[in-house]
Each structure stands twice: as C-alpha cells, then as structure tokens.
Amino acid sequence: MSEKELLIFPSRVTESSSEFHRQHLSNIMLFSTSDLVARHHERFFVELHEKLKQADIDHEILARHLVKALAYREQIDETWVTRFEVALTRAVDNFLCYITDVLTQAIILCPRLLKSQEQVTMAEVLEHSSIEEFTHWATEQHIARLSFKGLPAIADYIEKRLGLPISTDQGDWTSIKRAIAVRNLIVHRRSRIDERFIRSMTGTNTPLTKGERYRPPDSMLSETMKTAKRIVGDFDLRIAAKFGIPLFDIDESPWYTAPTGPDVLKRHPLSEGTASSAKTEGQPR
C-alpha cells in the first residue's frame, strides 16, 4: 500500500469529511500495523542473532524468540487475504457512510430537499417537540430508506434533487462502483462469484467463473482508498459551497493531532524511509 498518497489530507473539510478521513486513517492502521510489527520483530531478532553469535549469551533464549517471531510472521502472512478483504470492505463502507452523512447535513440545512411522496403518521409527527427535531428525524429516515437501494439510487437522487454529480471523473466513478460490487460479494457471498457480480465487472477483461472464489488484485485496496479520497475531497467542497455546510481546518480535529494521527506520522511514518508522509492539501488557509 502506498502510504505517501494515502496520508495526504485536505486542509478544509465538513464534519462528514473529517469523520471519513478519521476512519480512513484507522482502516490503514488496521491493515498495516500487524504486518509492520511482525516485520520489525523479525528483522530485530535476525539482526541481533547475527551480531551476538560470538557473544557470551544464552543463544537458546534468543533462538526461541526468533522462532516465535517467525511463527507470528507466518500466521500474519496466512491471514493476508482475509485482512485485505476486511480492509477493502471497511474502505467501501466508509465512503458510503460519508455520502449519506453529508447528504443528511445538506437536507437538514435545506429542508426543501426532503420533499417527497413519503407519508408519516400523526403520531410520528407528535413524537417531536419542534419542527427542527422532526426535520432531523424525517431526514434520517429518508436517507436510511434511500441507502438500502444502493449507490446508484443515492447518486441519482443527489444529481436530480441537489443538482450535483457525486463524481465528476468517470474513471473514478467506475472504479468505486466496482469496489462496491467486490465489497458486496465479500459480505454476501464469501467472495464466491455469481452472475450478478459477473455483470457488474463487465469491461474489466478479467476472466470470471461462477462459483469460484474471487481474489481482488493486490492494487485494489490502495486504489479504492485513493479513489474514495479523491471523490470525497471534490464532492465535499462542492456540496458545502452549494448548501452552506460549514467547513473547518482539518487540523482542528482531535483525531488529526492524536498520538496515532497524521500530525505524529509526519515525524514517525508507518513505513521506514518515508519522510513527511502525512500532510494536507487543498484550499489555501
């Protein structure tokens, strides 16, 4: 996974975007940390073993630690596919959650967007002490029903009702839709290829056989994360400008300056040899 690109953050964000990037960082840590720790211990014990061969120490103790480190490393390697699938699923879910979150923000600020043929009972209305409270509840209910229909329905709603396409780049849009299809296959079919998945992957030039286990290309995780970040970064500024959603500096977010946040990763990057990995970009302050 290319840490340098994945740890670049926009300087100005909505609350929804801040939460997206917080989860994005957490997803990276989830996928990377166990592997990095295993590599570090393996390298430490191998180097120490070589340097201390001639020293007057109990080599048996050191050898046992080395064997254990190598065994842990083997277990981590064996679970790589599962960890990859979990990380990819989390990345896609994080993107979809951002879309519903920021859409909720826009509708609350502009209730006319909520107009629809959906009906509510008098009891549901009376459960709320103010029109503002009812609007919040109705918005959440509306978005929840919409989210069950999938990304195409959400995208169609946003473009028709808000006048905004989620993505202005067709390549990114195609990439994220395919990642969602893979996520659905992992979650609902344990990665076993079915007819629906084959249709959703039309144009990929990848042979797919019904019933076989689908193995995503190794590049899909990092590409999905980068694609999601690009779409979120662009859409966030467009929807904020159109509906007056407040923006704030990302480095005001507690997660950004936390001990495992991007501010710290500038000085202590996840992978060795990568300096100043975490940074911000976007609008000038």
Side-chain angles (χ1 to χ4, degrees), residues 1-6 8 17 20-21 23-28 30-32 35 77-103 143-160 162 164-236 238:
M1 185 183 294
S2 174
E3 177 195 345
K4 187 174 182 180
E5 291 184 65
L6 292 172
I8 296 176
S17 179
F20 166 83
H21 290 292
Q23 185 63 57
H24 166 83
L25 179 63
S26 180
N27 291 343
I28 292 174
L30 168 70
F31 183 72
S32 303
D35 187 66
D77 287 344
E78 288 177 354
T79 61
W80 190 90
V81 172
T82 299
R83 289 187 296 112
F84 183 97
E85 291 181 341
V86 170
L88 180 60
T89 298
R90 293 288 289 170
V92 170
D93 288 346
N94 188 33
F95 170 76
L96 294 174
C97 191
Y98 162 77
I99 296 298
T100 57
D101 282 352
V102 79
L103 180 55
I143 299 303
R145 284 190 288 268
L146 189 62
S147 65
F148 282 119
K149 298 178 181 179
L151 183 63
I154 297 174
D156 185 61
Y157 176 90
I158 290 175
E159 186 152 9
K160 288 181 178 177
L162 278 66
L164 295 170
I166 293 179
S167 175
T168 56
D169 185 287
Q170 188 57 48
D172 281 350
W173 187 237
T174 299
S175 177
I176 202 70
K177 286 194 297 182
R178 286 175 177 163
I180 291 171
V182 174
R183 177 263 180 204
N184 291 340
L185 191 73
I186 292 169
V187 171
H188 300 297
R189 302 287 297 170
R190 296 196 185 96
S191 297
R192 296 292 176 185
I193 297 170
D194 57 16
E195 292 291 347
R196 183 177 183 179
F197 181 72
I198 293 174
R199 291 195 300 271
S200 69
M201 301 298 282
T202 300
T204 60
N205 297 321
T206 301
L208 299 172
T209 303
K210 184 178 177 180
E212 288 187 356
R213 184 179 176 88
Y214 179 72
R215 170 71 183 271
D218 292 350
S219 61
M220 178 171 273
L221 178 56
S222 61
E223 288 305 317
T224 296
M225 286 183 160
K226 287 183 280 188
T227 298
K229 285 177 84 282
R230 285 195 297 269
I231 294 175
V232 169
D234 173 62
F235 185 68
D236 203 53
R238 288 188 287 117

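Here the structure is a predicted model, which is why all the values come from computation and not from measurement. Each residue takes its place number in the sequence, starting with 1.
With sequence neighbours left out, Asp77 forms a side chain to side chain donor-acceptor pair (under 3.5 Å) with Arg73. For Lys160, the side chain to side chain donor-acceptor pair (under 3.5 Å) partners two or more places apart in sequence, or in a different chain, are Asp156. By the side-chain contact (heavy atoms from CB on, under 4.5 Å) test, Thr174 is found to be paired with Gln170, Arg178, residues two or more places apart in sequence or in another chain being considered. Every residue meeting the side-chain contact (heavy atoms from CB on, under 4.5 Å) condition with Arg230, not counting sequence neighbours, appears here in chain and number order: Asp172, Lys226, Thr227. The side-chain contact (heavy atoms from CB on, under 4.5 Å) check on Thr100 picks up Ile143, Ser147, Ile154, with sequence neighbours excluded. Remark: Asp93 pairs with Arg183 by the side chain to side chain donor-acceptor pair (under 3.5 Å) rule, at least two apart or across chains. Scored by the ring pair (Phe, Tyr, Trp, His ring centres under 6.0 Å) test, Phe84 finds Trp80 as partners (sequence neighbours excluded). In this structure, Thr89 has no side chain to side chain donor-acceptor pair (under 3.5 Å) partners at least two apart in sequence or on a different chain. Listed by chain and residue number, Phe20, Gln23, His24, Asn27 satisfy the side-chain contact (heavy atoms from CB on, under 4.5 Å) test with Asn94 (two or more places apart in sequence, or in another chain). For Arg238, the salt bridge (charged side-chain N to carboxylate O under 4.0 Å, His left out) partners two or more places apart in sequence, or in a different chain, are Asp234.
Atom CG in Asp194 sits 13.0 Å away from atom CD in Glu212 (nearest 0.5 Å). The distance from the CD1 atom of Ile166 to the CG atom of Leu151 is 5.0 Å, given to the nearest 0.5 Å. Atom OG of Ser175 is separated from atom CD1 of Ile231 by 7.5 Å, given to the nearest 0.5 angstrom. With rounding to the nearest 0.5 angstrom, the CG atom of Leu88 is 8.5 Å from the CE atom of Met225.
One N or O on the side chain of Lys229 and one on the backbone of Ile8 form a donor-acceptor pair closer than 3.5 Å.
In plain terms, the two heavy atoms of Ile186 and Ser191 that are nearest each other are CG1-OG, 3.5 Å. When all heavy atoms are compared, the tightest approach of Phe235 to Pro165 is CD1-O, 3.6 Å. Considering every non-hydrogen atom in both Arg192 and Gly211, the closest pair reads CD-O, 3.4 Å. Annotation for Ser17 and Val232: closest pair OG-CG1, 3.8 Å, computed over non-hydrogen atoms. Residues Ile158 and Leu164 come closest through the heavy atom pair CG2-O, 3.2 Å. Listed here is the closest heavy atom pair of Ala179 and Thr224: CB-OG1, 3.5 Å.
The side-chain heavy atoms of Leu30 and Val86, taken from C-beta on, include a pair separated by under 4.5 Å.
Residue pairs meeting the salt bridge (charged side-chain N to carboxylate O under 4.0 Å, His left out) criterion with at least one member in residues 195-204, sequence neighbours excluded, do not occur. Applying the ring pair (Phe, Tyr, Trp, His ring centres under 6.0 Å) rule to pairs touching residues 178-204 yields Phe197-Tyr214, sequence neighbours excluded.
No option in Arg215, Arg189, Arg213 other than Arg213 meets the salt bridge (Lys or Arg N to Asp or Glu O under 4.0 Å) test with Glu85.
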| query | Yes or no on side-chain contact (heavy atoms from CB on, under 4.5 Å) for Ile193 and Ile198, after CA distance, side-chain angles and deciding distance? | reply | CA-CA 7 Å; Ile193 297 170; Ile198 293 174; 3.6 Å; yes

What verdict does the side-chain contact (heavy atoms from CB on, under 4.5 Å) test give for Val92 and Asn184, after you've listed the backbone C-alpha separation in whole Å, the side-chain angles of each residue and the deciding distance to 0.1 Å? CA-CA 10 Å; Val92 170; Asn184 291 340; over 6 Å; no

